[in-house]
Asks: 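Quick one: the structure is below, and I'll ask about it shortly.
Hydrogens, waters and symmetry mates are skipped; everything else that's a heavy atom, side chains included, is used. In what follows, chains are A, B, ... by sequence order, proteins preceding strands, each numbered from 1.
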Protein chains: 2
Amino acid sequence: MADIKSPANPLFLREDELRQGIEMLFFAYRDFTAKADQTLAQFGFGRAHHRVIYFVGRNPGMTVSELLGILHITKQSLSRVLGQLVRQGFITQKPGSTDRRQRLLSLTEKGSELERKLTEEQRALIARAYRSAGADAVDGFRKVLLGMIEEGDRRRFRPSLPR
Amino acid sequence: MADIKSPANPLFLREDELRQGIEMLFFAYRDFTAKADQTLAQFGFGRAHHRVIYFVGRNPGMTVSELLGILHITKQSLSRVLGQLVRQGFITQKPGSTDRRQRLLSLTEKGSELERKLTEEQRALIARAYRSAGADAVDGFRKVLLGMIEEGDRRRFRPSLPR
DNA sequence: ACAAATAAGTCAACATGGCTGACATAAAAT
DNA sequence: ATTTTATGTCAGCCATGTTGACTTATTTGT
């Protein structure tokens with residue numbers, strides 16, 4: 001009885017379930033980035049700078065090509081923000097030892113400091129969500145996200161060695 | 001035995017777990033938006049148009065204020081894309097019946113068609129991820145995302161009546 | 001009835017961060 | 001020795017965010 005709106009229509013439910021997923025992703029991402037954006041603005045930086053700082057921090061000594069492969073933007077776009085970060089002393093470049101064409105990227109102490117500050121905010125937000133959702137939910141969260149990620153990038157998150 | 005790297009150090013694991021969450025969110029969102037962006041480009045539209053079309057499609061008859069409250073952008077920013085969509089016949093506006101200052105927004109048939117096309121791609125991507133992750137994982141996924149969303153917007157996703 | 005608040009829109013100027021295309025340099029690979 | 005690769009640079013375009021100032025129509029509150 002009751003339940004006028006969904007009378008044995010699994011298709012409708014499924015459709016709505018997916019739409020909710022789309023929306024939640026939008027809202028979560030919106031709020032996920034909001035705080036760090038404020039902090040960045042204080043430094044005259046934007047979200048693009050954050051991404052560069054974050055990934056260089058995670059992969060010290062990475063090449064420009066590798067970074068481009070992660071960000072999926074053009075080298076001209078990257079060049080703008082990376083140049084600023086290098087000139088202002090947040091990131092250093094040094095030639096690769098085997099291939100001297102490469103410019104291996106690392107954070108300076110100043111860069112690390114900013115990275116920590118920025119990521120801490122996001123970590124806190126995620127930590128809160130993880131804690132209130134519980135360990136099983138976190139497993140599910142990761143499983144679903146993994147399935148949304150382009151095949152080639154999934155290996156980054158599997159228990160094997162990341163590089 | 002073995003396990004040289006994580007010797008009873010739950011803090012390290014926790015830290016890394018959170019970082020992985022941050023990264024997965026970045027990659028998933030990157031890939032989540034990529035396909036629709038291509039389609040939008042064929043219409044001369046961008047992601048901003050998509051968001052407007054999406055939320056108007058979900059909430060026919062919504063006001064401009066409500067839309068602004070969801071998108072968290074200024075009315076000037078919205079005005080640009082909304083104006084284009086109205087002028088090109090994707091969205092209609094009609095005065096509110098009780099408050100005639102309002103311009104209630106709805107998709108036209110043309111707008112619905114585009115909305116369906118765009119959302120279908122994203123729905124397919126999420127559907128695939130949901131299917132491969134399983135029902136329990138989906139529950140967890142939603143639970144965690146919910147926890148990341150600004151308190152005020154969470155009610156949109158709770159089983160009660162959405163408005 | 002009138003003043004104040006609200007919903008919506010507009011104009012102008014500016015910043016960020018994508019993009020393309022063309023071209024340059026140094027080092028590695030063939 | 002030639003070609004390919006890694007990186008960088010200049011110039012210009014576009015989409016989409018921002019602030020600030022101001023307008024119009026309508027509703028609300030005293």
Asks: Between Gly44(A) and Arg80(B), just flag the one whose closest nucleotide in DNA chain C comes earlier from the 5' side.
Replies: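 Between the two, 5'-proximity favours Arg80(B).
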Asks: In whole Å, I'd like the distance from the CD1 atom of Ile91(B) to the P atom of dA8(C).
Replies: 14 Å
Asks: Could you point out which residue of Arg47(A), Arg51(A), Arg30(A) forms a salt bridge (Lys or Arg N to Asp or Glu O under 4.0 Å) with Asp37(A)?
Replies: Arg47(A)
Asks: Can you give me the bend angle of the helix from dA1(C)-dT30(D) to dT30(C)-dA1(D)? Use the axis through the first five pairs and the one through the last five, nearest 10 degrees.
Replies: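 About 30°, once rounded to a multiple of 10°.
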Asks: To the nearest 0.5 angstrom, please state how far the CG atom of Leu118(A) sits from the CZ atom of Arg116(A).
Replies: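 One finds 11.5 Å between CG of Leu118(A) and CZ of Arg116(A).
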Asks: Closest approach to the side chain of Val81(B), judged atom by atom: which nucleotide of dT16(D), dT19(D), dA8(C) is it?
Replies: dT16(D)
Asks: List in numerical order all residues of residues 28-40 of chain A for which some heavy atom is under 4.0 Å away from an atom belonging to DNA chain C.
Replies: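 Result for residues 28-40 of chain A: none.
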Asks: Closer to the 5' end of DNA chain C via nearest nucleotide, is it Asp99(A) or Ala48(A)?
Replies: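 Whichever sits nearer the 5' end wins; that is Ala48(A).
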Asks: Counting only N and O atoms by type, is there a donor-acceptor contact under 3.5 Å from the side chain of Gln122(A) to the main-chain atoms of Phe32(A)?
Replies: yes
Asks: What is the distance, rounded to the nearest whole Å, between atom NE2 of His72(A) and atom P of dC19(C)?
Replies: 11 Å
Asks: Over all heavy atoms of both residues, which pair between Val52(B) and Leu71(B) is shortest? Give the atoms and the distance, please.
Replies: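 Looking at all heavy atoms of both residues, the shortest contact is CG2-CD1, 4.1 Å.
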Asks: Can you give me the closest heavy-atom contact between Leu125(A) and Asp31(A), atom names plus distance?
Replies: CD1-O, 4.1 Å
Asks: Looking at Ala129(B) and Met148(A), what are the two nearest heavy atoms and their distance?
Replies: CB-CG, 3.5 Å
Asks: So, Tyr54(B) versus Glu23(A): side-chain donor-acceptor pair below 3.5 Å or not?
Replies: yes
Asks: Can you see if the side chain of Ser77(B) gets near the phosphate of dT18(D) - specifically, an N or O under 4.0 Å from OP1 or OP2?
Replies: yes
Asks: Over 60° means perpendicular and under 30° means parallel, so classify the ring planes of Phe27(A) and Phe157(B), tilted if in between.
Replies: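 Taking Phe27(A) first and then Phe157(B), their aromatic rings stand perpendicular (interplane angle over 60°).
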Asks: Base, sugar-phosphate, or nothing for Gln93(B), non-hydrogen atoms under 4.0 angstrom?
Replies: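 If one applies the 4.0 Å heavy-atom cut-off, Gln93(B) turns out to touch the sugar-phosphate alone, with no base involved.
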Asks: Please enumerate all protein N or O atoms sitting under 3.5 Å from an N or O of nucleotides 20-25 of chain D, with distances to 0.1 Å.
Replies:
unit_1	atom_1	unit_2	atom_2	d
dG20(D)	O6	Gln76(B)	NE2	2.7

Asks: Between dT16(C) atom P and Leu78(A) atom CG, what is the distance in whole Å?
Replies: 17 Å
Asks: For Val56(B) and Met62(B), work out which heavy atoms get closest and say how close.
Replies: CA-SD, 3.9 Å
Asks: Figure out the CG/C1' separation between Leu82(B) and dA8(C), and round it to whole Å.
Replies: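 So the two atoms are 10 Å apart, to the nearest Å.
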Asks: Output the rounded distance in Å from CZ (Phe45(B)) to P (dT16(D)).
Replies: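 Result: 10 Å.
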Asks: Below 4.0 angstrom from OP1 or OP2 of dG8(D), is there any side-chain N or O of Ser79(A)?
Replies: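 It does not, given that no N or O in the side chain of Ser79(A) lies less than 4.0 Å from OP1 or OP2 of dG8(D).
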Asks: Are any of the side-chain nitrogens in Arg58(A) or Asp16(B) under 4.0 Å away from the carboxylate oxygens of its partner?
Replies: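 Yes, Arg58(A) and Asp16(B) are salt-bridged.
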Asks: Considering only dG17(C), dA6(D), dG18(C), which nucleotide approaches the side chain of Ser65(A) most closely?
Replies: dA6(D)
Asks: In whole angstrom, give the distance that lies between atom CG of Leu104(A) and atom P of dA6(D).
Replies: 13 Å
Asks: Please determine if a side-chain N or O atom of His49(B) lies less than 4.0 Å away from the OP1 or OP2 oxygen of dT16(D).
Replies: yes
Asks: Check the hydrophobic clustering (I, L, V, M, F, W, Y; side-chain heavy atoms under 4.5 Å; chains of links allowed) and say if Leu104(B) and Leu82(B) are grouped together.
Replies: no
Asks: Can you label the angle between the Tyr29(A) ring and the Tyr29(B) ring as parallel, tilted or perpendicular, going by 30° and 60°?
Replies: parallel
Asks: Are OP1 or OP2 of dA6(D) and a side-chain N or O of Arg103(A) less than 4.0 angstrom apart?
Replies: no
Asks: Do you know which two heavy atoms are closest between Thr119(A) and His50(A), and how far apart they sit?
Replies: OG1-NE2, 4.3 Å
Asks: Assign Arg47(B) to base, sugar-phosphate, or nothing according to its heavy-atom contacts below 4.0 angstrom with the strands shown.
Replies: sugar-phosphate
Asks: Using atom CG of Leu67(A) as one end and atom P of dA6(D) as the other, report the distance to the nearest whole Å.
Replies: 15 Å
Asks: What is the distance, to the nearest angstrom, from the CD atom on Gln42(A) to the C1' atom on dA15(C)?
Replies: 17 Å
